[in-house]
*Asks:* 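My structure is below; once you've seen it, I'll send some questions.
As the structure is a prediction and not an experimental result, all values here were calculated from the model.
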Amino acid sequence: MTRSPNWQHVYDVLEADILSGHRLPGARLVEDDVMAQTASTRHAVRRAFAALERDGLTNLEPRKGMRVFSLQPDALSEIVEIRLCLERQAIARLPFPVSAGKLATLRQIAGRHRGASRDLDSVAAFRLDMLFHETLYRAAGSRQLVDAILRYARPGHAVHRAAFNDSGLREAETAQHDAMIKAIAAEDRDALRQLVDEHLHRPLSFFRAASMRGKKPA
C-alpha cells in the first residue's frame, strides 16, 4: 500500500475521531494502528501526534504513550473559566465598528454551523463554533490572545459533544451566534459579553449535571 506523508490528513482523521467520541478521553493512540488506519508514514503520524498535543486534544504520558486528553468535570470547569476570561479580554479589545465584510463572514459561518447542527454533525458543528470565535476575535488584533483562546477551547470538546445531544442546547447555540452578530453590529459590548458567558456556561452546566447523575456524556 502506498503511504502518504501528509500529516495534516492524519491530524484531521484523529481530530474527527476524538471530537465525535470514537476515541474517548484516556484512549491510547498507537502509532502502528494509526499508520494502518490512515495509510500514512510513521513520520506523518508522529508529526500529527505532536500537533494534536499542541492543540490540547492529546497528551503524552510517561511510560503510557499518547492518549486522548482527559479531564474531570472540575478541571474542565477551570479550563472553561480561563477561556471565558480570555474571551472577555478579546471582547474588550474588539474595535467597533466591525467591518461589513467581517460581519458577512460571521453570518456565513453561523449559517454553516446551523446546517451542521440540523444535520446532527457534531464534529463539523464544533469546528465551525471554533471558527466563529476565531474569526470574531482576530479583529481584536492580538494573535497571541486568539491562540490562547483556541488552546483552551479545544479541550472542551467533551463538553460540547455532551451538550450537542440536547436539542434545546443545539438550538440555543445557533441562536446565540445570531445574537452575537446582532450585538456586534449594534456595537453593544455588554450584550456580546453576556452572550459569550451564556454560550460557554450553559453546555458546561449540562455536562456537570450529567456527570453528577453518573451518566457518561455521549
Side-chain angles (χ1 to χ4, degrees), residues 7-8 11-12 15-16 18-19 47-48 50-59 69 71 75-117 122-160 163-164 169 172-204:
W7 70 269
Q8 185 65 54
Y11 179 101
D12 290 344
E15 181 195 40
I18 293 169
L19 297 182
R47 188 172 176 188
L52 288 165
E53 186 174 23
R54 177 202 67 205
D55 290 344
L57 292 173
T58 63
N59 60 302
F69 196 64
L71 284 174
L76 275 172
S77 295
E78 290 179 2
I79 282 181
V80 170
E81 291 301 331
I82 293 171
R83 175 187 173 185
L84 184 55
C85 288
L86 293 169
E87 294 208 23
R88 287 170 177 164
Q89 183 62 229
I91 291 169
R93 294 186 179 194
L94 193 65
F96 285 143
V98 171
S99 70
K102 179 74 70 175
L103 287 171
T105 299
L106 289 171
R107 290 188 183 100
Q108 189 265 344
I109 296 170
R112 290 169 58 197
H113 177 275
R114 186 179 300 105
S117 180
S122 63
V123 174
F126 181 81
R127 287 172 171 167
L128 288 164
D129 183 62
M130 294 272 288
L131 181 60
F132 183 92
H133 288 267
E134 179 182 4
T135 302
L136 170 59
Y137 296 137
R138 289 221 180 274
S142 173
R143 175 61 184 268
Q144 291 78 12
L145 182 57
V146 173
D147 288 347
I149 289 170
L150 296 179
R151 178 65 177 79
Y152 280 96
R154 290 187 182 95
H157 65 86
V159 174
H160 184 275
F164 192 79
L169 289 177
E173 186 174 61
T174 58
Q176 285 161 358
H177 286 157
D178 293 337
M180 287 180 205
I181 294 170
K182 290 179 181 178
I184 296 164
E187 302 182 23
D188 191 338
R189 205 178 301 273
D190 289 339
L192 178 59
R193 188 182 301 110
Q194 291 172 7
L195 285 163
V196 169
D197 282 11
E198 182 181 359
H199 190 70
L200 297 183
H201 277 142
R202 284 189 66 184
L204 178 62

*Asks:* Using the salt bridge (Lys or Arg N to Asp or Glu O under 4.0 Å) criterion, which residues pair with E198? Sequence neighbours excluded.
*Replies:*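 Applying salt bridge (Lys or Arg N to Asp or Glu O under 4.0 Å) to E198 gives R202.
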
*Asks:* For A140 and A90, work out which heavy atoms get closest and say how close.
*Replies:*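 So the minimum-distance heavy-atom pair works out to CB-O, 3.7 Å.
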
*Asks:* The criterion is side chain to side chain donor-acceptor pair (under 3.5 Å); which residues satisfy it with Y11, sequence neighbours excluded?
*Replies:*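 By the side chain to side chain donor-acceptor pair (under 3.5 Å) rule, Y11 matches D55.
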
*Asks:* Flag the pair T58 / F69 as yes when at least one side-chain heavy-atom distance between them is below 4.5 Å, and no otherwise.
*Replies:*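 No. Closest side-chain heavy atoms not under 4.5 Å.
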
*Asks:* Distance from R154 atom CZ to I18 atom CD1, nearest 0.5 Å?
*Replies:*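 Output value for this atom pair is 11.5 Å.
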
*Asks:* Could you give the distance from CG (L150) to NE2 (H133), rounded to the nearest 0.5 Å?
*Replies:*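 Spacing of CG (L150) from NE2 (H133) equals 10.0 Å.
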
*Asks:* Partners of L94 by side-chain contact (heavy atoms from CB on, under 4.5 Å), sequence neighbours excluded?
*Replies:*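 Counting only residues at least two positions away or on another chain, L94 forms a side-chain contact (heavy atoms from CB on, under 4.5 Å) with F96, V98, L136, A139, R189, L192.
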
*Asks:* Hey, are Q8 and D12 close enough side-chain-wise for a donor-acceptor pair under 3.5 Å?
*Replies:*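 Yes - a donor-acceptor pair under 3.5 Å links their side chains.
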
*Asks:* Could you check whether any side-chain heavy atom of F132 comes within less than 4.5 Å of a side-chain heavy atom of L106, counting everything from C-beta outward?
*Replies:*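 Yes, at least one pair of side-chain atoms sits under 4.5 Å.
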
*Asks:* I want to check something: taking the side chain as every heavy atom from C-beta on, are S77 and L204 in contact at a cut-off of under 4.5 Å?
*Replies:*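 S77 reaches L204 side chain to side chain.
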
*Asks:* For I181 and A110, work out which heavy atoms get closest and say how close.
*Replies:*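 Taking I181 first and A110 second, the nearest heavy atoms are CD1-CB, 4.1 Å.
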
*Asks:* For E173, what residues pass the salt bridge (Lys or Arg N to Asp or Glu O under 4.0 Å) criterion, not counting sequence neighbours?
*Replies:*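 Not a single residue meets the salt bridge (Lys or Arg N to Asp or Glu O under 4.0 Å) criterion with E173.
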
*Asks:* Which of these passes side-chain contact (heavy atoms from CB on, under 4.5 Å) with P155: I79, V80, L57?
*Replies:*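 The residue from I79, V80, L57 that satisfies side-chain contact (heavy atoms from CB on, under 4.5 Å) with P155 turns out to be I79.
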
*Asks:* Would you say D129 and H199 make side-chain contact, with heavy atoms under 4.5 Å?
*Replies:*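 D129 reaches H199 side chain to side chain.
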
*Asks:* Name all residues meeting the salt bridge (Lys or Arg N to Asp or Glu O under 4.0 Å) criterion together with R54; count only those two or more places apart in sequence or in a different chain, and write none if there are none.
*Replies:*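 For R54 there are no salt bridge (Lys or Arg N to Asp or Glu O under 4.0 Å) partners, ignoring immediate neighbours.
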
*Asks:* Under the salt bridge (Lys or Arg N to Asp or Glu O under 4.0 Å) definition, can you give me all pairs with a residue in residues 175-184, not counting sequence neighbours?
*Replies:*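 Counting only pairs at least two positions apart or across chains, the salt bridge (Lys or Arg N to Asp or Glu O under 4.0 Å) contacts touching residues 175-184 are R114-D178.
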
*Asks:* Could you tell me the separation between the CD atom of E15 and the CG atom of L52, rounded to the nearest 0.5 Å?
*Replies:*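 The CG atom of L52 is 7.5 Å from CD of E15, to the nearest 0.5 Å.
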
*Asks:* What residues form a side chain to side chain donor-acceptor pair (under 3.5 Å) with E81, not counting sequence neighbours?
*Replies:*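 Counting only residues at least two positions away or on another chain, E81 forms a side chain to side chain donor-acceptor pair (under 3.5 Å) with H201.
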
*Asks:* What pairs with S117 under side chain to side chain donor-acceptor pair (under 3.5 Å), at least two apart in sequence or on another chain?
*Replies:*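 S117: no side chain to side chain donor-acceptor pair (under 3.5 Å) contacts found.
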
*Asks:* Specify the closest pair of heavy atoms between A191 and A183, including all atoms of both residues, with the distance to one decimal.
*Replies:*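 Looking at all heavy atoms of both residues, the closest pair is CB-CB, 4.1 Å.
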
*Asks:* Looking at Y137, I want to see if its OH is surrounded by more than 12 non-hydrogen atoms of other residues, nucleotides or ligands under 6.0 Å.
*Replies:*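 Buried by this count: over 12 neighbours within 6.0 Å.
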
*Asks:* Rounded to the nearest 0.5 Å, what separates atom CG in L84 from atom OH in Y152?
*Replies:*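 The CG atom of L84 sits 13.5 Å away from the OH atom of Y152.
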
*Asks:* Of all heavy-atom pairs between E187 and P97, which one has the smallest distance, and what is that distance?
*Replies:*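 Shortest heavy-atom contact: OE2-CB, 3.3 Å.
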
*Asks:* At their closest point, which heavy atom of L128 faces which heavy atom of I109, and how far apart are they?
*Replies:*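 Minimum heavy-atom contact is O-CG2, 3.6 Å.
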
*Asks:* Rounded to the nearest 0.5 Å, what's the gap from CD1 on I82 to CD1 on I149? Could you check?
*Replies:*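 These two atoms lie 12.5 Å from each other.
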
*Asks:* Could you measure the distance from the CZ atom of R193 to the CG atom of D188? Nearest 0.5 Å is fine.
*Replies:*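 Answer for the CZ-CG pair, R193 versus D188, is 9.5 Å.
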
*Asks:* For E134, which residues count as a salt bridge (Lys or Arg N to Asp or Glu O under 4.0 Å) partner, sequence neighbours excluded?
*Replies:*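 Listed in chain order: R138.
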
*Asks:* Which pairs pass salt bridge (Lys or Arg N to Asp or Glu O under 4.0 Å) with one or both residues in residues 83-102, sequence neighbours excluded?
*Replies:*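 Residue pairs passing salt bridge (Lys or Arg N to Asp or Glu O under 4.0 Å), neighbours aside: R83-E87, R88-D197.
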
*Asks:* Which residues pass the side chain to side chain donor-acceptor pair (under 3.5 Å) test with R47, sequence neighbours left out?
*Replies:*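 Listed in chain order: nothing, the list is empty.
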
*Asks:* Just to verify, what does H113 make a ring-ring contact (aromatic ring centres under 6.0 Å, His included) with, not counting sequence neighbours?
*Replies:*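 Only H177 meet the ring-ring contact (aromatic ring centres under 6.0 Å, His included) criterion with H113.
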
